[in-house]
Amino acid sequence: MKKLLFAMLALALVIGLAACGSSESSGEAGDSSLPSQLIIATGGTSGVYYPLGGGIAQIISDNTNVSATAQTTGGSVENMRLLGSKEVELAFVQNDIAYYADNGELMFDGSQVNNLQGMATLYNETVQIVLPENSDITSVSELEGRRVSVGAPGSGVEANARQVLEVFGLTFDDLDSQHLAFGDSVSSIQDGALDAAFVTAGAPTAAVTELSATRGVKLLSIEADKIAELIEMYPFYVEDTIPADTYPGVGETTTVAVKAMLAVSSDLPEDFVYEATKALFDNKDQLVAINQRATSIAPENALEGLSIDLHPGALKFFEEAGIK
Ligand code: GLU
């Protein structure tokens, strides 16, 4: 009997402590306190997200009272999952993938991300289908049966590859598909171990430029009727032309693009996101020094292609700047 009483007292104590603890921690979350260290989810080390993410982390650390670091990841899809599970506070993401995450569609069916808000759209990311210079492939339809990298696990690239193949009546099962990050795709093409690679990133992409200097590179155009069909099915795509000599010796290429954007957790305080958004645009030169793609980062372009709601801090910045 004594033992039982003791056990009941102990239990009551534990419950009391737990209740106390949870009310304290929910109090902290309620005033959306700012962590002292923020993480920005980016992409693979051979992409554009990762180096630009390093630059943005520096800008945030220099201009706000928190320090930020860039984390390498598989890309857009993984970044949305990391934001949703609150492992990161900021993330690079393609506008199409952000939309799917926010609305619980496609790869986010049943795993909708509920704390996702936008900060700004940044630059065009081009769907580049990269071939070795001596390739005999002339259309996406000829990728059937070939060794093709469809992007890293958790990348936005993988979604784009799936959708582009779909309009040609192909699935990953019709290819010898491999899930490689840009750097590994390029070294496999270089070694003759891969026939093609999908790369969705700002062009020129360093990994592709590197391939053009070693093995030589070709880009595959997508036929106009297939582009129209793709945009009809998945409206985040826009037609995009890669100008001749973006990569040495490569002619003009017609393909599609999506937008890179910065997403934030809705848990972040308004003041902080306002300051970070302002600092991003005020210090854009630092980003241009890292990658030419950053030239298009500007308040007047930053709501174009935005596929999710803005964070109130970002909204305040754009309202002040007179941008609708
Ligand atoms: N857009 C790519 C993705 O989400 C990443 C591009 C990059 O790393 O620059 O998979």
Side-chain angles (χ1 to χ4, degrees), residues 39-57 70-84 88 90-102 106-108 113 116 118 120-130 148-165 172 177-187 197-211 234 236-238 240 242 246-247 255-263 287-288 290-297 305 307-308:
I39 302 175
I40 309 175
T42 64
T45 50
S46 306
V48 181
Y49 287 179
Y50 180 67
L52 282 183
I56 292 172
Q71 178 181 313
T72 159
T73 72
S76 291
V77 174
E78 185 182 340
N79 293 354
M80 293 298 89
R81 300 212 160 108
L82 290 169
L83 194 93
V88 304
L90 285 96
F92 277 76
V93 61
Q94 296 176 193
N95 64 342
D96 52 341
I97 306 298
Y99 179 86
Y100 301 144
D102 195 37
L106 299 183
M107 65 291 268
F108 293 96
V113 178
L116 177 60
T121 61
L122 303 174
Y123 58 87
N124 264 10
E125 292 193 88
T126 312
V127 177
Q128 304 168 79
I129 308 167
V130 180
V148 182
S149 169
V150 294
S155 66
V157 182
E158 197 185 318
N160 301 141
R162 186 174 277 114
Q163 294 169 349
V164 169
L165 290 165
F172 287 174
S177 58
Q178 303 181 22
H179 293 264
L180 306 175
F182 300 159
D184 294 333
S185 291
V186 159
S187 53
F198 281 83
V199 168
T200 305
T205 312
V208 182
T209 307
E210 199 180 292
L211 183 65
Y234 302 104
F236 289 106
Y237 290 107
V238 293
D240 194 26
I242 307 172
T246 299
Y247 302 105
T255 176
V256 289
V258 291
K259 281 258 179 220
M261 57 178 286
L262 266 179
L287 301 175
V288 175
I290 295 171
N291 190 299
Q292 274 302 312
R293 270 290 109 190
T295 21
S296 64
I297 299 178
S307 55
I308 57 173

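All ligand and atom numbering here is 1-based and tracks the order in the structure. The first residue in the sequence is number 1, and the count goes up from there.
- The minimum heavy-atom distance linking G43 with Y50 is given by the pair O-CB, 4.0 Å.
- Heavy-atom contacts of G156 reach the following atoms of ligand 1: 3 (C), 4 (O), 10 (O) (cutoff under 4.0 Å).
- Contact atoms of ligand 1 toward E125: 1 (N), 2 (C), 6 (C) (distance under 4.0 Å to a heavy atom of the residue).
- In the vicinity of S76, heavy-atom distances shorter than 4.0 Å reach the ligand 1 atoms 3 (C), 4 (O), 10 (O).
- Atoms CG and CG, on N79 and L90 in that order, are 11.0 Å from each other to the nearest 0.5 Å.
- Residue S155 approaches ligand 1 through these ligand atoms, each under 4.0 Å from one of its heavy atoms: 10 (O).
- Below 3.5 Å of separation, one finds no N or O of G43 facing any N or O of ligand 1.
- Here the protein heavy atom with the shortest distance to atom 5 (C) of ligand 1 is Y49 CE1, 3.5 Å.
- When every heavy atom of A207 is checked against every heavy atom of F182, the shortest pair comes out as CB-CB, 4.1 Å.
- Of all the heavy atoms in M80 and A91, the pair that sits closest is CE-CB, 4.0 Å.
- Nearest to atom 9 (O) of ligand 1 among the protein's heavy atoms is V48 N, 2.6 Å.
- The distance from ligand 1 to the heavy atoms of T200 drops below 4.0 Å at these ligand atoms: 1 (N), 2 (C), 5 (C), 6 (C).
- Looking at I97, N95, N160 one by one, the single match for side-chain contact (heavy atoms from CB on, under 4.5 Å) with F236 turns out to be N95.
- Of all the heavy atoms in T126 and T255, the pair that sits closest is CG2-CG2, 3.4 Å.
- E125 approaches A201 most closely through the heavy-atom pair OE1-CA, 3.6 Å.
- For the pair Y50 and ligand 1, the shortest N or O to N or O distance does not fall below 3.5 Å.
- Considering both main-chain and side-chain atoms, A201 never comes within under 3.5 Å of ligand 1 through any nitrogen or oxygen pair.
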